[in-house]
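Scroll down for the structure; my scribbles are underneath it.
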Protein chains: 2
Amino acid sequence: MDAKTLCLGVLSREPATGYDIRKAFQNGPFSHFCGAGFGSIYPALRKLSEDGLIEECPSSPDVRENKKIFSITPAGRKALCDELANPAPLGFEIMRSEFMFRVFFAHMMPQDRIQALFNERKALYHDKLDIIDNLLKKNSILPGEKFIAEMGKTLITAALQFLEKNTETLFALTSPEIGQQP
Amino acid sequence: MDAKTLCLGVLSREPATGYDIRKAFQNGPFSHFCGAGFGSIYPALRKLSEDGLIEECPSSPDVRENKKIFSITPAGRKALCDELANPAPLGFEIMRSEFMFRVFFAHMMPQDRIQALFNERKALYHDKLDIIDNLLKKNSILPGEKFIAEMGKTLITAALQFLEKNTETLFALTSPEIGQQP
DNA sequence: GCGACCATGTAATCTGTTACATGATTAC
DNA sequence: GTAATCATGTAACAGATTACATGGTCGC
């Protein structure tokens, strides 16, 4: 899914600035399953604008002059629908994970490094759960959005519980000091 | 995690060809958390070879001439360790998911399309579970590898159960024919 | 006044994906 | 003999990440 489609998706919910879109990816309803940085978002907005899929809202006196609020056009909504309905290039994206790659090679890392990795990851999971819980508190939430928030919550909770239950077992089976072992 | 590190990781377990590496990503122990295609693997192998991190095994009469079996060098093992231990650029990779993006916009899709999406996804999960179950049957499996296989199994099972339980609820809340709704 | 946050954008680089191009071996 | 699988690679293109560069507003 490219940055253009992601931006279109965010804008289909409500008008937003590039900055707002990034927040939606960082702390908002999209944060647990996709993302993009400024370097992807701004060029995407320019292209979408050129293609007439989004448009800049007329500036009003109460917003700063350099602030650009974009809204989706009917053509943009159509383009998003088409993209959503298309045969899907699939790709199994769940868990394309650097964390898992590292832990896979636990025998090549000192135990304190793995411990730090686990702690970081648990903290990250807790952050994501907080974000999702806040989303679920809102009363106006569409079915798809709710479904995905709950799915995220379920999966992150499962991951967290797995880490909590199995860390000791992993440590019991790896040597504390070993770093460069084959 | 770039293709070079991924290849190095695969080769740290046993010597392999580019083709073997791809299989490790498609059906092997790495399949549920990372991946790469030929277009990434072969250039990566060339670079790793140039840097002395891997080397081509001397050709023996029992293997075909154009087949190149690579093995990791001590320098390569060191490079992998360094990469594993480094402060981690983090990035929350769990669930960077096109599936979730689509379902999030369920209200913009006809119900039969969502149904198809769900069926595809469930089939994919079952495939992944089969692969993982086969991995877990092996008796010689390192602790990190076992941990990650079991974590994958746990998470995929949780995802599958979530889909099974909540599909009807989602469908009850979305209209069957609506496609292009705001 | 200062730090945190809002806000936009560009340019270089890196890297991955896709399609193409080729051919050997194995099992039926 | 023919289809599936093994096996290697290149080239063009699309795309993202990273760092850079700039400046306004708000609360303390």
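Since the model is a prediction, treat every value here as computed from it, not as a measurement. Residue numbers start from 1 in every chain, and the chains themselves are labelled A, B, ... in the order their sequence lines are given, proteins ahead of strands.
Classification of the B/F38-B/Y42 ring pair by plane angle, with boundaries at 30° and 60°, yields parallel.
Nearest nucleotide to the side chain of B/R96, out of D/dG15, D/dT17, D/dA7: D/dT17. When each of D/dA16, C/dA7, D/dT5 is scored by its nearest atom to the side-chain atoms of A/D2, the top-ranked nucleotide is D/dA16. Distance from the side chain of A/K23 is smallest for C/dC6 among the nucleotides D/dA7, C/dC6, C/dT15.
Between B/N27 atom CG and D/dC6 atom P the separation is 9 Å, expressed in whole Å. Atom CZ of B/F38 and atom P of C/dT17 are 13 Å apart (whole Å). Between the P atom of C/dT8 and the CZ atom of A/R22 lies a distance of 12 Å, rounded to the nearest Å. At whole-Å resolution of the value, NZ in A/K67 and P in C/dG9 are 13 Å apart. Spacing between atom CD1 of B/I21 and atom C1' of C/dG16 amounts to 16 Å, rounded to whole angstrom units. One can place CZ of B/F25 at 10 Å from P of C/dG16, the figure rounded to the nearest angstrom. Atom-to-atom, CZ of B/R46 to P of D/dT8 comes out at 15 Å; the value is rounded to the nearest Å. D/dC6 atom P lies 9 Å from atom CG of B/D20, rounded to whole Å.
Checking the phosphate oxygens (OP1, OP2) of C/dC6, no side-chain nitrogen or oxygen of A/T17 falls inside 4.0 Å. Within the structure, a side-chain polar atom (N or O) of A/K68 is placed less than 4.0 Å from OP1 or OP2 of C/dG9. At the phosphate of D/dT17, OP1 or OP2 sits under 4.0 Å from a side-chain N or O atom of A/S40.
Here the closest heavy-atom approach between residue B/L136 and residue B/A149 is recorded as CD2-CB, 3.8 Å. Shortest non-hydrogen contact noted between A/L80 and A/G9 is CD2-CA, 4.0 Å.
Between B/Y42 and A/G35, it is B/Y42 whose nearest contact on DNA chain D lies nearer the 5' terminus.
Using a 4.5 Å cut-off on side-chain heavy atoms (C-beta onward), B/E83 and B/K4 make no contact.
Heavy atoms of B/G18 sit under 4.0 angstrom from primed sugar atoms or phosphate atoms, though from no base atom. Looking at heavy-atom distances under 4.0 Å, A/A3 makes contact with sugar-phosphate atoms alone, never a base.
A salt bridge does not link B/K137 with B/D133: none of the charged nitrogens is closer than 4.0 Å to a carboxylate oxygen.
Annotation: A/F171 is not in aromatic contact with B/F147 [ring centroid separation under 6.0 Å not met].
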Intermediate values then yes/no, side-chain contact (heavy atoms from CB on, under 4.5 Å), B/K165 and A/T154: CA-CA 12 Å; B/K165 268 188 204 161; A/T154 301; over 6 Å; no
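Overall, the helix from C/dG1-D/dC28 to C/dC28-D/dG1 carries an axis bend of 40° between its ends, with five pairs at each end and the value rounded to 10°.
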